[in-house]
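Naming convention: chains lettered A, B, ... in sequence-line order (proteins, then strands); numbering from 1 in each chain. In this text the structure is predicted, and so the values were computed from the model without any measurement.
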Amino acid sequence: MRTPIIEALSSQAAVDDIQVCGWVRTRRDAKAFSFLELNDGSCLRGIQVVVDAGTPGSEGLAEMTTGASVAVRGRLVPSQGKEQAWEVQAAEVQLLGAADETYPLQKKGHSLEFLREIAHLRPRSNLFGAVFRVRSRMAYAVHNFFQERGFMNVHTPMITASDCEGAGEMFRVTTLAPGAAKLDEDFFGKPAFLTVSGQLEAETLACALGKVYTFGPTFRAENSNTSRHAAEFWMIEPEQAFCDLAGNMDLAEAQLQHQVRDALKHCAEDLAFFAKYVDKGLLERLQFVAERPFQRVSYTEAVRLLEASGPAFEYPVAYGLNLQSEHERWLTEQHFQCPVIVYNYPKDIKPFYMRQNEDGLTVAAMDVLVPGIGEIIGGSQREERPDRLLAAMAQHGLSEAEYWWYADLRKYGTVPHAGYGMGFERLLMFITGVGNIRDVIPFARTPGHADF
RNA sequence: UCCGGUGUAGCUCAGCGGCAGAGCGGGUGGCUGUUAACCAUUAGGUCGUAGGUUCGAUCCCUACCGCCGGAGCCA
């Protein structure tokens, strides 16, 4: 029975008979024996295996080079070396699969750009092993957070016929041949797309189950070429009935803090690696976010602060204009130096479904901004008043016929409700310090790139 | 899509209008309870692609392509 290396390394006592399997990171030969360092992905560190000359299977040692896969049986014993507490004294080694001299991962560091070209092998590197372990833990923590608070996980459709929501360009889903004329003969009888958000559908479930959340892939066909955008990404979208904007902000803050605390507690070794090689200030920042309340500032106040601030911005600051990246970064990195929630945006720069405030000018929207990333969460209280919603839809040029089911929620037992969307990859960038979204998802889809 | 940068060995990079370089990695030999081991030795190149200027271009110019950073859009 194979013992994961993470368990072998944390053993409390020697073990007479243990089997470990993994990929060779490095081999160091002496005259009478060899050291093999094996990593199996269960944790950042590898385990040192001592193979004496003449050990059964050691005739394959020459092929146990970096990248080769190996199975070892032997004794787990205290190491004589300084760098590790335990090592395996091999009784039998077996070469499972060799890796010849073309194996691209070296013992030395590689650039992230090069590793992207070998996305099928980069999980075997220290950095990407750590990223994907943290990704797994953070997905688990998402479900933990919501399930413990009585939220139901709902599955909203990947394929949708409702376009828009103001969330950007969509990918078309079709079985028609290119250039086909008869669009009504398409699979769904009308144009269909990959979803850009499960929000509208999640609202219907919130207005029945009370508290729900989605966690799944989302698609945007925007020609965005930045380190923060991908064409396929994962989004977490909670939605609560009987909830207003303040409750929504409370939830967003609590969830973000939960994710950070969970990572600090359960991914300490991997985070320490990021702090050493990727982002020196990572642990301090995460600690700070875990402990301190977020700043909350209205859009109007934010504009006032930006106007009164010293630095000259490239883009103008004025009421009614969107906050630019540089403005968001100034608020969260320079002025408040912590996560900031900006709320109550002008209605003209926000989508139709957001609830109008009594001032007639703003809607109950909120964005959570974090240092280094900018916007990580966007949400709002939804417009629950039927007349207001229909008016907003008309203003945005949306057809009532298309969104009849969405309007029905307001027609039958409407309730105040609110929710938000959190970009999972942006969360991972924040938690790992990794600066490019292409490096926190195993196989990134960006304009012109759908390899692997 | 726009702005800026960049492209030289498997990787990371230096270089120069006149014979193509280093470190790492690979091969080989040696040494050592080693720790991204160490020492010696060796192989490895269409200098992104196509044009142009020049006696001569990896170097200068133009276009295209790739990649990186920033911006817009957003999560």
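- No engagement by Leu427(A) is indicated, since no non-hydrogen atom pair under 4.0 Å with the nucleic acid exists.
- For the OP1/OP2 pair of U35(B) and a distance below 4.0 Å, the side-chain nitrogens and oxygens of Arg28(A) include no atom meeting the criterion.
- Side-chain contact between Val342(A) and Ser298(A): absent, with no pair of heavy atoms (C-beta onward) separated by less than 4.5 Å.
- Judged by atom type and distance alone, Gln48(A) reaches the base of U34(B) through a side-chain donor-acceptor pair under 3.5 Å.
- For the OP1/OP2 pair of U35(B) and a distance below 4.0 Å, the side-chain nitrogens and oxygens of Lys82(A) include no atom meeting the criterion.
- Not a single donor-acceptor contact under 3.5 angstrom links the side-chain atoms of Gln106(A) to the base of G25(B).
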_As a check on the pairing definition, encode RNA chain B in dot-bracket form, counting Watson-Crick and G-U wobble pairs whose two distances are under 3.5 Å, and using | for partners outside this strand._
(((((((..((((....[..)))).(((((.......))))).....(((((..]....))))))))))))....
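- Within the 4.0 angstrom heavy-atom criterion, no nucleotide atom of any strand lies near Ile236(A).
- Across all strands shown, Glu237(A) has no heavy atoms under 4.0 Å from either base or sugar-phosphate atoms.
- Residues from residues 134-149 of chain A that place a heavy atom under 4.0 Å from any atom of RNA chain B: there are none.
- In this structure, Met170(A) atom CE and C73(B) atom P are separated by 20 Å, rounded to whole Å.
- Contacts of Gly81(A) with the nucleic acid, taken as non-hydrogen atoms under 4.0 Å apart, include base atoms.
- Residue-level contact check: Phe35(A) touches the bases, meaning some heavy atom is under 4.0 Å from a base atom.
- Distances shown here put every side-chain N or O of Thr102(A) at or beyond 4.0 Å from the OP1 or OP2 atom of G10(B).
- Side-chain atoms of Phe443(A) and Asp451(A), non-hydrogen and from C-beta on, never get closer than 4.5 Å to each other.
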*After noting the C-alpha distance and the side-chain angles of Gln48(A) and Arg28(A), does the key distance pass the side-chain hydrogen bond (donor to acceptor under 3.5 Å, both in side chains) rule?*
CA-CA 10 Å; Gln48(A) 174 162 289; Arg28(A) 295 176 288 270; 3.2 Å; yes
*How does protein contact run along nucleotides 63-71 of chain B, one letter per nucleotide 5' to 3', with B for base contact, S for sugar-phosphate only, - for none, heavy atoms under 4.0 Å?*
----SSSSB
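- Here Asp367(A) contributes atom CG and Ile376(A) contributes atom CD1; the two are 12.0 Å apart, rounded to the nearest 0.5 Å.
- Evaluation of atom-type donor-acceptor distances gives no pair under 3.5 Å for the side chain of His110(A) against the base of C11(B).
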